[in-house]
Engineer: 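Please find one structure pasted underneath; my questions will follow.
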Amino acid sequence: MNKLFFTLLIALVACPSWPLQAQTGNKTPSTTNQSGAERPASISPSAPPTGSTASPSTVASTSVNKGESCGCELPVPEVLAVVNGTKLTLKDIDTPDAALEGQVRNLENEIVEARKRELDLQINSRLLEAEARKRGMSTTKLLEGEVVGKVKSPTDADAQAFYDQNKPRIRAEFKDAKDQIIAYLREQGQREEARKLAERLRAAAQVKVLVDRVAPPVNPSDRARVLAIVGGASITSGDVEDSLRPLIYSVQEQIYAKRREAIETKINDILLQQETQKRKVTAQTLLDSEVKAKTNKVSETDAQTFYNENKDRISGEFEQVKNQVVQYLQAREDNRALAQFAERLRRGATIQTFLTAPEPPTYNIATDDQPTKGNASATVTIVEFTDFQCPSCAQLHPVLEKLADEYADRVKFVIRDFPLAQHKQALKAAEAAEAAREQGKYWEYVALLFRNQKALETDKLKEYASQLSLDRVKFDQALDTGRFADKVQRDLQDGNKLGVNSTPTVFINGRSISDRSYEATKKMIDAALRNSTKK
């Protein structure tokens with residue numbers, strides 16, 4: 001239920017296709033970063049710029065095909081970097097092999113397409129809210145009755161029929177794919193019912209769309225331009241743009257990362273070329289002596305060790321995948337040696353880079369009627385979107401509590417719920433935490449949830465209430481009737497609007513932070529406190 005408000009209201013958009021190519025098959029070995037996300041081993045080393053100077057003049061970046069603007073373009077410096085006196089431009093990094101600006105245009109086009117959908121989403125959202133008010137119920141309850149409740153749960157026979165029809169394109173046995181097929185068929189049914197609901201609401205309401213195409217505002221005042229009128233209320237360009245802010249920033253980040261990676265790779269190429277000229281040898285001779293000769297050779301024992309440590313992520317027995325694992329590990333060793341050589345070249349070079357990272361947006365995040373520690377009037381507010389079944393949330397919680405205690409009345413620490421769909425018990429656990437908050441034991445109850453993440457069934461949630469001597473009749477009734485379900489849904493809806501897509505997600509004064517370690521978060525709080533005193 002936690003995504004219904006957003007995934008179902010946009011039912012007028014074509015349904016996604018079944019992910020037939022993503023079921024099973026051999027899994028490529030991968031490395032894991034500190035956040036737990038898998039990623040391939042890095043090939044192109046990077047280094048911070050040295051001798052920073054004022055940025056050169058800038059030019060507008062390439063916009064979407066056929067001149068259609070995404071409204072997200074950031075200025076790109078005419079000179080991206082200077083390497084030992086050699087200038088590097090956008091043309092230098094957009095090689096035929098990289099096709100960089102084509103990738104940029106594809107990313108920008110995501111916003112163009114999202115802007116087209118957003119107006120429909122906002123119209124449907126307002127119609128749903130109005131209908132819920134008319135019936136005296138929440139939007140969640142309305143969706144449960146008009147969408148979820150009208151979809152029959154797909155049977156094993158339905159899943160088998162789908163599997164048989166698509167078997168050539170599903171790389172998995174039926175027993176392994178069945179649950180995902182059933183979930184897909186259920187979602188398709190819900191989308192169809194949502195489409196019908198949207199059509200009924202639109203037919204019965206006064207909806208006037210004033211534009212053929214939703215274009216980005218050309219200036220701040222253009223944000224007031226009215227795009228549609230729903231029941232006498234206007235939907236403006238600003239309403240659409242505010243909803244797109246998380247996506248726009250995400251796209252800008254991806255574009256920056258791609259360009260930055262291309263710049264760093266080109267810097268390495270330039271340094272390699274300069275070194276070959278200095279030594280009067282070919283590039284291959286230089287790489288043989290400085291990289292190949294210094295690369296560790298991967299043995300079968302190394303491959304066996306890697307396989308044993310990652311067996312749960314690798315399909316097949318060791319003998320079946322041994323060669324693939326050896327090749328992967330050897331490529332990783334080659335990349336490590338190459339990175340070390342590039343770093344040695346960088347240490348002896350003068351490098352300046354001028355590409356600027358996009359500025360993260362600052363959001364106004366509602367904190368009313370939420371679990372709060374600290375000073376309600378503090379100038380610095382920490383908001384965490386959490387999931388009680390998420391191990392990373394359990395690790396972060398004591399860190400944030402410690403900081404809240406250390407800063408006492410100088411900060412306000414607020415928790416909002418964001419139970420992820422894959423955590424089946426997190427939604428009810430969030431409701432239980434609210435039921436405990438009603439009796440003044442929120443923080444104590446949350447501590448129990450995080451200590452017992454593998455035991456969050458409803459009977460366990462009630463047992464924890466007894467451990468804290470809560471009024472069980474009152475607690476059980478709140479949990480059984482879903483009294484606080486709407487509060488959790490509100491958090492989910494607000495989190496989606498803010499671009500929250502994982503947990504934990506932390507904002508300090510409305511700005512998301514990526515490094516959530518104690519030291520980094522403390523620095524961010526101190527910076528926010530300093531900024532608040534300047535105002």
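The structure presented is a predicted model; accordingly, all values stated were derived computationally and were not measured.
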Engineer: Check this for me: does any side-chain nitrogen of one of E241 and R115 sit under 4.0 Å from a carboxylate oxygen of the other?
Structural biologist: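 Answer for the salt bridge query: yes.
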Engineer: Short question: side chain of T372, backbone of Q370 - any donor-acceptor pair under 3.5 Å?
Structural biologist: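 Checking the backbone N and O of Q370 against the side chain of T372, a donor-acceptor pair under 3.5 Å is found.
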Engineer: Is E359 salt-bridged to R511, cutoff N-O under 4.0 Å?
Structural biologist: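 Salt bridge present between E359 and R511.
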Engineer: Can you tell if the side chain of L247 reaches within under 4.5 Å of the side chain of I111, non-hydrogen atoms only?
Structural biologist: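 Touching, per the 4.5 Å side-chain cut-off.
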Engineer: What pair of heavy atoms forms the shortest contact from E384 to P504, and how long is it?
Structural biologist: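 Scanning both residues, the minimum pair turns out to be OE2-CB, 3.6 Å.
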Engineer: Strictly distance-based, threshold 3.5 Å: is any side-chain N or O of D515 a donor or acceptor partner for the main-chain N or O of A520?
Structural biologist: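 Pair absent, no side-chain N/O of D515 close to backbone of A520.
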Engineer: Is it true that E146 and R135 make a salt bridge, defined as a side-chain N closer than 4.0 Å to a carboxylate O?
Structural biologist: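 Salt bridge between E146 and R135, a charged N being under 4.0 Å from a carboxylate O: yes.
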Engineer: Looking at N219 and D222, would you say the former's side chain and the latter's main chain have a donor-acceptor pair under 3.5 Å?
Structural biologist: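 At least one qualifying donor-acceptor pair exists.
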Engineer: For the pair Q453 (side chain) and C390 (backbone), establish whether a donor and an acceptor sit closer than 3.5 Å, ignoring hydrogens and angles.
Structural biologist: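 Indeed, once roles are kept as given, a pair shorter than 3.5 Å links the two residues.
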Engineer: Examine the side chains of S138 and Q489 and answer whether a donor and an acceptor come within less than 3.5 Å of each other.
Structural biologist: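 Side-chain D/A pair, S138 to Q489: absent.
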Engineer: Does a donor on one side chain and an acceptor on the other come within less than 3.5 Å for Q252 and Y256?
Structural biologist: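 Y256 and Q252 do not have a side-chain donor-acceptor pair below 3.5 Å.
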Engineer: Compare every heavy atom of A432 with every heavy atom of L461, then report the nearest pair and how far apart it is.
Structural biologist: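 Scanning both residues completely, I find the closest heavy atoms to be CD1-CB, 4.1 Å.
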Engineer: Under a 4.0 Å N-O cut-off, is there an ion pair linking E264 with R260?
Structural biologist: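 Looking at R260 together with E264, the answer is yes, because their closest N to O distance falls below 4.0 Å.
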Engineer: So does R186 pair up with D158, basic N to acidic O under 4.0 Å?
Structural biologist: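 The answer is no: the pair does not qualify as a salt bridge.
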Engineer: So with a 6.0 Å cut-off around NZ of K258, is the heavy-atom count from everything else above 12?
Structural biologist: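 No, NZ of K258 has 12 or fewer neighbouring heavy atoms, counting only those of other groups under 6.0 Å.
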Engineer: Does the side-chain hydrogen bond (donor to acceptor under 3.5 Å, both in side chains) test come out yes or no for Y249 and E253, once each step is laid out?
Structural biologist: CA-CA 6 Å; Y249 178 62; E253 275 194 309; 3.1 Å; yes
Engineer: Going from CG on L201 to CD on E129, what distance comes out if it is rounded to the nearest 0.5 angstrom?
Structural biologist: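 These two atoms lie 11.5 Å from each other.
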Engineer: Output yes when K91 and E78 qualify as a salt bridge under the 4.0 Å nitrogen-oxygen rule, no when they do not.
Structural biologist: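 No salt bridge links K91 with E78.
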Engineer: Do Y363 and P246 have side-chain heavy atoms sitting under 4.5 Å apart?
Structural biologist: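 Heavy-atom side-chain distance check passes, below 4.5 Å.
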Engineer: I'd like to check R126 versus D239 (side-chain heavy atoms, cut-off strictly below 4.5 Å). Are they in contact?
Structural biologist: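 Contact flag for R126/D239 side chains = yes.
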Engineer: Between R245 (side chain) and G499 (backbone), is there a donor-acceptor pair under 3.5 Å?
Structural biologist: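 No: the side chain of R245 does not pair with the backbone of G499.
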Engineer: Would you please classify the geometry between the F450 ring and the H397 ring as parallel, tilted or perpendicular, with 30° and 60° separating the classes?
Structural biologist: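 Taking F450 first and then H397, their aromatic rings sit tilted (interplane angle of 30° to 60°).
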Engineer: I'd like to know if R202 and E199 make a salt bridge, using a cut-off of under 4.0 Å between side-chain N and carboxylate O.
Structural biologist: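 A salt bridge is absent here (no side-chain N lies under 4.0 Å from a carboxylate O).
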Engineer: In terms of side-chain geometry, is the basic nitrogen of E113 or R117 positioned less than 4.0 Å from the acidic oxygen of its partner?
Structural biologist: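 Here E113 does not pair with R117 in a salt bridge, since their nearest N and O are not under 4.0 Å apart.
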Engineer: For E101 and R259, what are the C-alpha separation, side-chain angles and deciding distance, and is it a side-chain contact (heavy atoms from CB on, under 4.5 Å)?
Structural biologist: CA-CA 9 Å; E101 290 310 298; R259 284 177 173 153; 2.9 Å; yes
Engineer: If you apply the rule side-chain contact (heavy atoms from CB on, under 4.5 Å), what do you find for N531 with V380, and how did you get there?
Structural biologist: CA-CA 10 Å; N531 289 337; V380 173; over 6 Å; no
Engineer: So how far is it from Y442 OH to E434 CD, rounded to the nearest 0.5 Å?
Structural biologist: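 Y442 OH to E434 CD: 6.5 Å, rounded to 0.5 Å.
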Engineer: Check whether any side-chain N or O of E118 sits under 3.5 Å from a backbone N or O of V240 as a donor-acceptor pair, and report yes or no.
Structural biologist: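 No, because the side chain of E118 does not come within donor-acceptor range (under 3.5 Å) of the backbone of V240.
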Engineer: Ignoring hydrogens and geometry beyond distance, is a side-chain donor-acceptor pair present between Y407 and D526 at under 3.5 Å?
Structural biologist: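 A pair is found: one side chain offers a donor N or O, the other an acceptor, under 3.5 Å apart.
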Engineer: Show the numbers, then the answer: is there a side-chain hydrogen bond (donor to acceptor under 3.5 Å, both in side chains) between Y163 and K178?
Structural biologist: CA-CA 8 Å; Y163 180 82; K178 184 182 74 172; over 6 Å; no
Engineer: Are the side chain of D94 and the backbone of L100 linked by a donor-acceptor contact shorter than 3.5 Å?
Structural biologist: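 Confirmed, D94 side chain pairs with L100 backbone.
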Engineer: Taking the side chain as every heavy atom from C-beta outward, state whether V209 and I123 have any pair of such atoms under 4.5 Å apart.
Structural biologist: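 Yes. Closest side-chain heavy atoms under 4.5 Å.
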Engineer: For a 4.5 angstrom cut-off between non-hydrogen side-chain atoms, does L403 reach I525?
Structural biologist: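 When only atoms from C-beta onward are counted, I525 and L403 do touch, with a gap below 4.5 Å.
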Engineer: Salt-bridge test for K266 and D92: reply yes if a basic N is under 4.0 Å from a carboxylate O, no otherwise.
Structural biologist: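 Not counted as a salt bridge, because no side-chain N and carboxylate O are separated by less than 4.0 Å.
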Engineer: Search all heavy atoms of W443 against all heavy atoms of P371 and return the closest pair with its distance.
Structural biologist: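 Result for this residue pair: CZ2-C, 4.0 Å.
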Engineer: A132 and L142: which non-hydrogen atoms are nearest, and at how many Å?
Structural biologist: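 Answer, listing the atom of A132 first, then L142: N-CD2, 3.8 Å.
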Engineer: Dump the intermediate steps for side-chain contact (heavy atoms from CB on, under 4.5 Å) on K116 and V214, then the final yes or no.
Structural biologist: CA-CA 6 Å; K116 295 174 182 176; V214 184; 5.7 Å; no
Engineer: Please check if the side chain of N509 supplies one atom and the backbone of T379 the other of a donor-acceptor pair under 3.5 Å.
Structural biologist: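 Confirmed, N509 side chain pairs with T379 backbone.
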Engineer: Inspect the contact between D369 and K487 and indicate whether a charged nitrogen and a carboxylate oxygen are less than 4.0 angstrom apart.
Structural biologist: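 Between D369 and K487 there is a salt bridge, with a charged N closer than 4.0 Å to a carboxylate O.
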Engineer: Any idea which heavy atoms bring A528 and I508 closest together, and the distance?
Structural biologist: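 That would be CB-CG2, 4.1 Å.
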Engineer: Could you walk me through whether Q188 and R191 satisfy the side-chain contact (heavy atoms from CB on, under 4.5 Å) test, starting with their C-alpha distance in whole Å, then the side-chain angles of each, then the deciding distance to 0.1 Å, before giving a yes or no?
Structural biologist: CA-CA 5 Å; Q188 293 296 87; R191 283 179 175 271; 3.9 Å; yes
Engineer: Within a radius of less than 6.0 Å around CG of D368, do more than 12 heavy atoms belonging to other residues, nucleotides or ligands occur?
Structural biologist: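 Above 12, so yes.
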Engineer: Is any side-chain heavy atom of T505 closer than 4.5 Å to a side-chain heavy atom of L498?
Structural biologist: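 In short, these two side chains do not touch, never coming nearer than 4.5 Å.
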Engineer: Going from CD1 on I263 to CD1 on I93, what distance comes out if it is rounded to the nearest 0.5 angstrom?
Structural biologist: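 Rounded to the nearest 0.5 Å, the CD1-CD1 separation comes out at 5.0 Å.
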Engineer: Does K522 pair with E519 as a salt bridge, N-O distance under 4.0 Å?
Structural biologist: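 Salt bridge between K522 and E519, a charged N being under 4.0 Å from a carboxylate O: no.
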Engineer: Which is it for E431 and K428 under the salt bridge (Lys or Arg N to Asp or Glu O under 4.0 Å) test, yes or no, and what are the steps along the way?
Structural biologist: CA-CA 5 Å; E431 292 181 35; K428 209 62 181 176; 3.1 Å; yes
Engineer: How long is the gap from NZ on K373 to CD on E401, to the nearest 0.5 Å?
Structural biologist: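 It comes to 3.5 Å.
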Engineer: Minimum heavy-atom separation for T381 to T367, with atom names?
Structural biologist: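 What the structure gives for the nearest pair is CG2-CG2, 4.2 Å.
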Engineer: When rounded to the nearest 0.5 angstrom, what distance separates CG in L244 from SG in C72?
Structural biologist: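 It comes to 10.0 Å.
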Engineer: Any idea how F385 and F507 line up, ring-wise: parallel (<30°), tilted (30 to 60°), or perpendicular (>60°)?
Structural biologist: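 Perpendicular, since the angle between the ring planes exceeds 60°.
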Engineer: So does R105 get a backbone contact from the side chain of N109, meaning a donor-acceptor N/O pair under 3.5 Å?
Structural biologist: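 Between the backbone of R105 and the side chain of N109 there is no qualifying donor-acceptor contact (under 3.5 Å).
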Engineer: Hey, is CG on D480 packed in by over 12 heavy atoms from elsewhere, all under 6.0 Å?
Structural biologist: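 Yes, enclosed.
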Engineer: Between N166 (side chain) and F162 (backbone), is there a donor-acceptor pair under 3.5 Å?
Structural biologist: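 Yes; judged by distance alone, with no hydrogens or angles, the pair exists.
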Engineer: Is there a side-chain contact between L74 and T356, using heavy atoms and a 4.5 Å cut-off?
Structural biologist: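 When only atoms from C-beta onward are counted, T356 and L74 do not touch, as no gap falls below 4.5 Å.
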Engineer: State the CG-NZ distance between L456 and K424, to the nearest 0.5 angstrom.
Structural biologist: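 One gets 14.5 Å once the value is rounded to the nearest 0.5 Å.
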Engineer: Would you check if Q493 and T139 make a side-chain contact, meaning some heavy-atom pair closer than 4.5 Å?
Structural biologist: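 They are in side-chain contact.
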